[in-house]
Amino acid sequence: MDRFIENYRRGFPYPDVQAAATVGRGIQRMDDSEIRDAIDAYEAFSGTVTKFVPASGAASRMFKDLFEGRDALASGKSLEAGSKARCFVDNADRFAFYSPEDFAGLSDFGIIDYVIGHGRSASGKEGLDYGEKPKGQVLFHRYASDCGVSGTELRTAFEEHLVEGALYARRKDGCVYLHFTVTPSHLAGFEKILEETADRYGKRFGCRFNVSFSVQDPSTDIIAVNEDNTPFLKEDGKPLYRPGGHGALLPNLNSLDAEVVFLKNIDNVAHQRFLDDTVKWKKILAGKLLAVRQKIFDYLLDLDIVMQERRDNPQLLAEIREFMERELCIVLPNVPEAIYPRYLHAKLNRPVRVCGMVRNEGEPGGGPYIVRDSDGATSCQILESAQLNPDSLEVMRMMQGSTHFNPVDIVCSFIDYRGRKMDLARYVDPDTGFISTKTYQGRPLKAQELPGLWNGAMSNWNTVFVEVPLITFNPVKTVLDLLRKEHQPE
């Protein structure tokens, strides 16, 4: 607790940002030949693959506008023309969870209350309660017989991840391993969906699903404080602890036993008719990962020989340095010659991740930057806007001039060159947490989050940024996002 209180008092230092990563400087744009090689490399890979999906978040923020609309209607007001709640009601029949029997004759209030609460449908069914369920259990997409299904099929976001996994994360034995992080209260709901759908999708795509779940460890919760940085006490006099953010999921990721891990958020799925590009680029990112990882492994074995035999090999060291600058954007500081091979070895012998980056067209998300680390070397980092120094005109210009952002499209590996699993806790930068202002029962407080899973928790990984097309990023942050063409049937 003392460490977290001290973080509140002193704050977190801003990273030493050198530049926003752009194509040609930090972000790679792969040509047709490189794309073919990457796909071939992944499709030939016979090792273990797992897909990791953080799915513990509730959908309450997704339906925020509907909660506001319901409150307005409950107070006797009407939905304002052009409001998001009005748009939802007017387009209710376009959502996958709509049915004529359940919605027929319902008032504006009745429609909204049925979707986000326990209000009764026209046919007498209890409400969907989507305001309390996790996003993964919300029906996202509707399919008809012309989409290759029998009759009409409705899919939750969870099911869409099963389908995606079948298309790019299948192991050579035909098994698809997926791991979802969930909250304890929602676990039974996910297990029910899995039980009802896994066999159907397995038969359709010719695979078997091995799905596991885990929960965020309560021991990662962090104490909240008052505005004067004293512990925030609840009515019973006990300190208030809050979840430590998605950075608290690092132990869950660390528990996986696979050579290649795909990491993707639960709400980032598209209607299956748009999946070809997603599948293609997932394979490209994975193939790029395998190529970079193999080169790192080869260099580490070469460095082992150099250090064991204590002989100079300036040509090898120069080649490694050039590779690190070209592929990992690591520009090294001046390092004493006596420790240079060992320094290179330590820099290379780390977890590896390849991160897809899309052109910035106003979507929220962390950005790719080149940062100078404490040892003087540069590295590729994903930074949230809260990590950038608002008082630095130079840093603000970099942020405004950034061209890409991170859609949490990551393929990674944390098996070392001798086949041993790395302990991911060793590669976290503890100085990259977040402090935000929240409320509890109307009282203001300050909350702290652990270093983000793809931010500070992966700060000391070897990172490659690759440009990917925007069609591979289809998040559902609000319910109205489901009206975009990427989530609608033809």
Side-chain angles (χ1 to χ4, degrees), residues 20-32 34-43 45 49-54 157 160-161 164-165 167-169 178 246 253 260-270 274-293 326-329 351-370 379-384 402-414 452-455 457-459 461-477 486:
T22 56
V23 173
R25 188 183 183 190
I27 299 177
Q28 301 183 30
R29 178 177 289 160
M30 299 176 66
D31 61 30
D32 291 344
E34 292 170 325
I35 286 172
R36 285 194 300 270
D37 289 346
I39 292 175
D40 290 345
Y42 178 64
E43 291 184 341
F45 178 63
V49 179
T50 294
K51 184 177 180 182
F52 180 86
V53 184
E160 293 292 17
H161 279 281
E164 276 198 22
L167 295 174
Y168 62 73
L178 301 100
H246 57 67
L253 180 65
V260 172
V261 177
F262 292 92
L263 198 162
K264 191 178 185 184
N265 278 340
I266 187 67
D267 68 337
N268 182 13
V269 289
F274 291 99
L275 275 189
D276 287 350
D277 284 322
T278 294
V279 172
K280 172 185 173 181
W281 279 95
K282 280 290 190 293
K283 292 181 178 181
I284 293 169
L285 296 180
K288 178 68 173 179
L289 172 81
L290 292 170
V292 170
R293 189 184 73 155
R326 182 185 73 251
E327 292 287 354
L328 308 176
C329 209
V352 185
R353 61 175 176 165
V354 176
C355 308
M357 295 291 162
V358 300
R359 296 288 302 186
N360 194 337
E361 296 190 1
E363 295 284 0
Y369 290 87
I370 300 170
S379 65
C380 288
Q381 301 289 341
I382 298 169
L383 302 179
E384 300 291 344
S402 64
T403 58
H404 291 69
F405 73 97
N406 164 54
V408 189
D409 187 2
I410 298 173
V411 187
C412 57
S413 178
F414 33 92
L453 187 56
W454 36 90
N455 311 121
M458 295 181 175
S459 282
W461 292 38
N462 284 320
T463 300
V464 177
F465 292 152
V466 173
E467 185 181 53
V468 298
L470 187 59
I471 189 59
T472 63
F473 180 52
N474 302 285
V476 178
K477 300 305 179 186
E486 293 83 7

Heavy-atom pair with the smallest gap, counting every atom of [X] and [Y]:
{"X": "Ala270", "Y": "Phe274", "answer": "CB-CB, 4.1 Å"}
{"X": "Pro407", "Y": "Val358", "answer": "CG-CG1, 4.2 Å"}
{"X": "Ala286", "Y": "Phe262", "answer": "CB-CZ, 3.8 Å"}
{"X": "Gly26", "Y": "Phe465", "answer": "O-CB, 3.2 Å"}
{"X": "Cys329", "Y": "Ile370", "answer": "SG-CD1, 3.6 Å"}

Give a yes or no on whether the backbone of [Y] and the side-chain of [X] come within a donor-acceptor separation of less than 3.5 Å.
{"X": "His404", "Y": "Gly367", "value": "no"}
{"X": "Gln381", "Y": "Ser459", "value": "yes"}
{"X": "His161", "Y": "Asn265", "value": "yes"}

Side-chain donor-acceptor distances from residues 276-283 under 3.5 Å, at least two apart:
unit_1 : atom_1 : unit_2 : atom_2 : d
Lys282 : NZ     : Asp409 : OD1    : 2.7
Lys283 : NZ     : Glu43  : OE2    : 3.1

To the nearest 0.5 Å, what is the distance between [atom1] ([X]) and [atom2] ([Y])?
{"X": "Ile284", "Y": "Asp40", "atom1": "CD1", "atom2": "CG", "answer": "11.0 Å"}
{"X": "Lys264", "Y": "Thr472", "atom1": "NZ", "atom2": "OG1", "answer": "7.5 Å"}
{"X": "Tyr369", "Y": "Ser402", "atom1": "OH", "atom2": "OG", "answer": "4.5 Å"}
{"X": "Cys380", "Y": "Ile27", "atom1": "SG", "atom2": "CD1", "answer": "8.5 Å"}
{"X": "Asp31", "Y": "Asp37", "atom1": "CG", "atom2": "CG", "answer": "8.5 Å"}
{"X": "Met357", "Y": "Thr22", "atom1": "CE", "atom2": "OG1", "answer": "12.5 Å"}

Side chains of [X] and [Y], heavy atoms from C-beta outward: is any pair under 4.5 Å?
{"X": "Leu253", "Y": "Met458", "answer": "yes"}
{"X": "Arg359", "Y": "Leu470", "answer": "no"}
{"X": "Ile410", "Y": "Val354", "answer": "no"}
{"X": "Asn474", "Y": "Val269", "answer": "no"}
{"X": "Glu467", "Y": "Gln28", "answer": "no"}
{"X": "Lys288", "Y": "Val464", "answer": "yes"}
{"X": "Asn462", "Y": "Leu328", "answer": "yes"}
{"X": "Val408", "Y": "Ile382", "answer": "no"}

Side chain to side chain contact (heavy atoms under 4.5 Å, CB included) for Val352 and Leu289? Distances and angles first, verdict last.
CA-CA 7 Å; Val352 185; Leu289 172 81; 3.7 Å; yes

Measure the acute angle between the ring planes of Phe405 and Phe473, then classify it against the limits of 30° and 60° as parallel, tilted or perpendicular.
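Perpendicular.
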
Ionic contact status for Glu164 with Lys51, cut-off 4.0 Å:
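Yes.
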
Under 4.0 Å between a side-chain nitrogen and a carboxylate oxygen: does that hold for Arg29 and Glu34?
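No, Arg29 and Glu34 are not salt-bridged.
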
Between Thr50 and Leu178, is the side chain to side chain contact (heavy atoms under 4.5 Å, CB included) condition met? List the steps.
CA-CA 6 Å; Thr50 294; Leu178 301 100; over 6 Å; no

Would Trp454 and Cys355 count as a side chain to side chain contact (heavy atoms under 4.5 Å, CB included) here? Give the steps.
CA-CA 9 Å; Trp454 36 90; Cys355 308; over 6 Å; no

Could you please spell out the steps behind the side chain to side chain contact (heavy atoms under 4.5 Å, CB included) verdict for Val411 and Val261?
CA-CA 6 Å; Val411 187; Val261 177; over 6 Å; no

Please check if the distance between the ring centroids of Tyr168 and Tyr42 is under 6.0 Å.
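No - the distance between ring centres of Tyr168 and Tyr42 does not fall below the 6.0 Å cut-off.
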
